[in-house]
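What you see is a predicted model; the values in this text were computed from it and never measured.
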Amino acid sequence: MEDIIKQSKSRRIELVVADEDPAELRRQTDEAWQVLKHAGISSNSTLIPGVDHFGVVENIIQESFQVTQIAIEMMGLNIGNIDQELKNTAV
């Protein structure tokens with residue numbers, strides 16, 4: 001964790017954990033978040049409802065999925081309605 005802290009002074013760290021994951025995984029995520037916050041690292045921890053970690057991976061391609069929206073926002077992208085645009089350009 002010390003290496004992550006050293007390399008993350010000017011970064012934002014986003015931790016996500018699924019609410020259907022085991023309690024131990026949720027606990028570890030919260031513990032990591034507390035360490036980051038205590039070290040002064042810009043960080044957030046988000047509980048993703050209705051899925052486990054496999055569901056997070058399966059849904060990441062959906063533009064409306066919460067984790068996808070977090071990633072888009074962190075990258076500063078303005079992609080609009082890409083799903084519709086892709087349908088309109090499909091051959």
*Checking N59 side chain against G55 main chain: does a donor-acceptor pair fall under 3.5 Å?*
yes
*Any sub-3.5 Å donor-acceptor pair from R26's side-chain atoms to D21's backbone N or O?*
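Yes, the answer is positive, given that a donor and an acceptor are paired below the 3.5 Å cut-off.
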*Looking only at heavy atoms, what is the nearest atom pair of F65 and I48, with distance?*
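In this case the closest contact between F65 and I48 is CZ-CG2, 3.8 Å.
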*Taking all non-hydrogen atoms of both residues into account, name the closest pair between A18 and V56 and its distance.*
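Closest heavy-atom pair between A18 and V56: CB-CG2, 4.1 Å.
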*asked:* Please enumerate all residues that pass side chain to side chain donor-acceptor pair (under 3.5 Å) together with E73, with sequence neighbours excluded.
replied: R12
_Straight-line distance of Q62 CD to Q69 CD, nearest 0.5 Å_ =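 Interatomic distance, Q62 CD to Q69 CD, rounded to 0.5 Å: 11.5 Å.
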*asked:* Distance check, rounded to the nearest 0.5 Å: S43 atom OG versus R11 atom CZ?
replied: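 Those atoms lie 14.0 Å apart.
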*asked:* Can you confirm whether the side chains of E14 and T46 place a donor and an acceptor under 3.5 Å from each other?
replied: yes
_Residue among N44, L36, D30 satisfying side-chain contact (heavy atoms from CB on, under 4.5 Å) with L15_ = L36
*For S45 and T29, what are the C-alpha separation, side-chain angles and deciding distance, and is it a side chain to side chain contact (heavy atoms under 4.5 Å, CB included)?*
CA-CA 8 Å; S45 181; T29 301; 3.9 Å; yes
_Hydrophobic cluster (4.5 angstrom, side-chain heavy atoms) - remaining members for L25_ = V17, L47
*pair I72-I70: side-chain heavy atoms closer than 4.5 Å*: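 They are not in side-chain contact.
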*Mind checking what makes salt bridge (Lys or Arg N to Asp or Glu O under 4.0 Å) contact with R27, not counting sequence neighbours?*
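Expected list: E24, E31.
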*In terms of hydrophobic clusters joined by side-chain contacts under 4.5 Å, are V57 and I61 together?*
no
